[in-house]
There are 2 protein chains.
Amino acid sequence: MLTPERHQMILKLLQDRKTVKMKELVEATKASESTIRRDLSYLEEQKKLRRVHGGASIKSAASEEPSLQEKRTVQLAEKQAIAEYAASLVRDGDSIFLDAGSTTYEMIPLLAQKNVLVVTNGLSHLETLTSYDIETYVVGGRIKRKTRAVIGAHAVESLKHYRFDKCFLGINGVHPKEGFTTPDPEEAVVKNTALQLSGETFILADASKFHEITFAKVADIQDAVIISDAPEDLLPSFKELTEVKVVTS
Amino acid sequence: MLTPERHQMILKLLQDRKTVKMKELVEATKASESTIRRDLSYLEEQKKLRRVHGGASIKSAASEEPSLQEKRTVQLAEKQAIAEYAASLVRDGDSIFLDAGSTTYEMIPLLAQKNVLVVTNGLSHLETLTSYDIETYVVGGRIKRKTRAVIGAHAVESLKHYRFDKCFLGINGVHPKEGFTTPDPEEAVVKNTALQLSGETFILADASKFHEITFAKVADIQDAVIISDAPEDLLPSFKELTEVKVVTS
DNA sequence: CATTTTTCAATCAAAATCAATCAAAAACAA
DNA sequence: TTGTTTTTGATTGATTTTGATTGAAAAATG
């Protein structure tokens, strides 16, 4: 029996019941205890299951997607606070661009009561946006597998069909001189385009993003409002250049 | 046996089961172990399979995520058969358009071993396409909540960035005079655009779709090949107009 | 709480599988 | 044909996987 087969068998057994004992796995797979142990370690590493004394158990609450509520509570409080403030800026009837990323994702439930039109390049956002019955448009283009974002030349073209009252961007680095940065140049150009099509731009950046420079420049600082939970002593040089809104969780 | 033949045989064996052992491959192909090893290395390079110690396995997703398949419990054998034939038409290196819908969805696992570029307007397809590591582009535009398809004027514009070797469309009605029809005019125009941008067009229509006229016309019959499980007595009038491929489940 | 039992992680040697190499066979070109 | 290139299969030493063993750690028991 090949290794992936065995892994599959283990996961299958876990689907039926919610736990399996080592003894059962050894019996089912005809492999030795040592091998099963190695498999379990690997599968736990892959977050496919949870090891427990004597065997394995399915990962947390069922193998299903965590519900929206669950997902929200798992998220860091800082992202929540940033998202909450950002969402409070959105007014009824606004057209907004919502960048891909976990912080902008947190804004979605807070937008549900408002009468907004949302354009996004984040595939992960789509399910949630439509489930809240928000009028949603998706940007066309190539899908970047890792971040599940739409990027590339077509995405830029596609974006230009729209105009935004406000756009909310996540970024990977903020630096007084280098401006807003992100590692992927193709993502950078999409963000930059959204920014140019938008009346106001808001950058959602938790404290860890400051000082960091990650290759491709998105825009200069003075083009946007920064929303962050960064401590005050980090900010003087940024405040000289643009508006910075500090939120606390 | 010629090399491409052997490669095909290996891939075929992988389609049926999800893993194959080296020993099985040697036996099936009558080639030496060294040759099989070289084949596997090549096919892995081409991203058509995944090598594992002791043999090969199909690429990631399929075996590891039964949750996706479980979601689609209502997959009739007919849809499977239609999808299987449709997928067999796709050649290495093709650029194809995959329409939103459950039948085209069934094609995805069968495309994993081919080097294809897929453009789709079906949001439900995206997750699965990327999980199979297929190069995926999404059409931009408004999201129709009910069908999770991208539609509207922007979708049409967005589509025009591409050209397809083949396009695979789902349809709600087929009628000798009225042609291919679908209830939503905005969907109809997207399908029609895809068709016009494509070298060949294939219509995936199970038997229930024949005779039905559902409002908005997509195209005339003669523009496409119909792939269906419809009984022969239903087809004479269609066969006069275009090619009809009948599959059985 | 001490003892017994079970399960665990680490280690190691055997077995299986692999990559690299090379010469023979086959396909190809002149 | 002859010489060249490509493909193939056998061999070899290296690598990976495996199962047994051991003492440590964790649960169960009295």
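Hydrogens, waters and symmetry mates are skipped; everything else that's a heavy atom, side chains included, is used. Residue numbers begin at 1 in each chain, while the letters A, B, ... track the order of the sequences.
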Quiz prompt | With A/A188 via side chain to side chain contact (heavy atoms under 4.5 Å, CB included) - residues at least two apart | solution = A/T182, A/A216, A/V218
Self-check item: A/I213: partners by side chain to side chain contact (heavy atoms under 4.5 Å, CB included), with sequence neighbours left out
Solution: A/H175, A/E178, A/T181
Quiz item: When the ring centroid of B/F168 is compared with that of B/F97, is the distance short of 6.0 Å?
Solution: no
Quiz prompt | Nearest-nucleotide comparison on DNA chain C, the residue closer to the 5′ end among A/L2 and A/R51 | solution = A/R51
Quiz item: Taking DNA chain D as the partner, which of residues 35-43 of chain B come within under 4.0 angstrom of it by heavy atom?
Solution: B/T35, B/R38
Practice problem: Within residues 18-29 of chain A, find the residues that approach DNA chain D with a heavy atom at under 4.0 Å, and present them sorted by residue number. | Solution: none
Quiz item: Is there a donor and acceptor pair closer than 3.5 Å between the side chain of B/S32 and the base of D/dA10?
Solution: no
Quiz item: Can you check whether B/E106 reaches B/E84 side chain to side chain, under 4.5 Å on heavy atoms?
Solution: no
Practice problem: Decide if atom CZ of B/R91 counts as having more than 12 heavy atoms of other residues, nucleotides or ligands within a radius under 6.0 Å. | Solution: no
Quiz prompt | More than 12 heavy atoms of other groups within 6.0 Å of B/Q222 CD | solution = yes
Practice problem: Say whether B/T19 and A/E5, considering side chains only, have a donor N or O and an acceptor N or O under 3.5 Å apart. | Solution: yes
Practice problem: Would you please say whether a donor-acceptor pair under 3.5 Å links the side chains of A/T128 and A/S131? | Solution: no
Quiz item: Between A/D99 and A/K191, is the closest basic N to carboxylate O distance under 4.0 Å?
Solution: yes
Quiz item: Contact boundaries of DNA chain C with chain A (under 4.0 Å, heavy atoms), 5' to 3'?
Solution: C/dT7 to C/dA9
Quiz prompt | Qualifying ring pair (Phe, Tyr, Trp, His ring centres under 6.0 Å) pairs with a residue from residues 5-45 of chain A, counting only residues at least two apart or across chains | solution = A/H7-A/Y42
Self-check item: Residue mapping more 5' on DNA chain D - nearest nucleotide basis, A/R6 or A/H53
Solution: A/R6
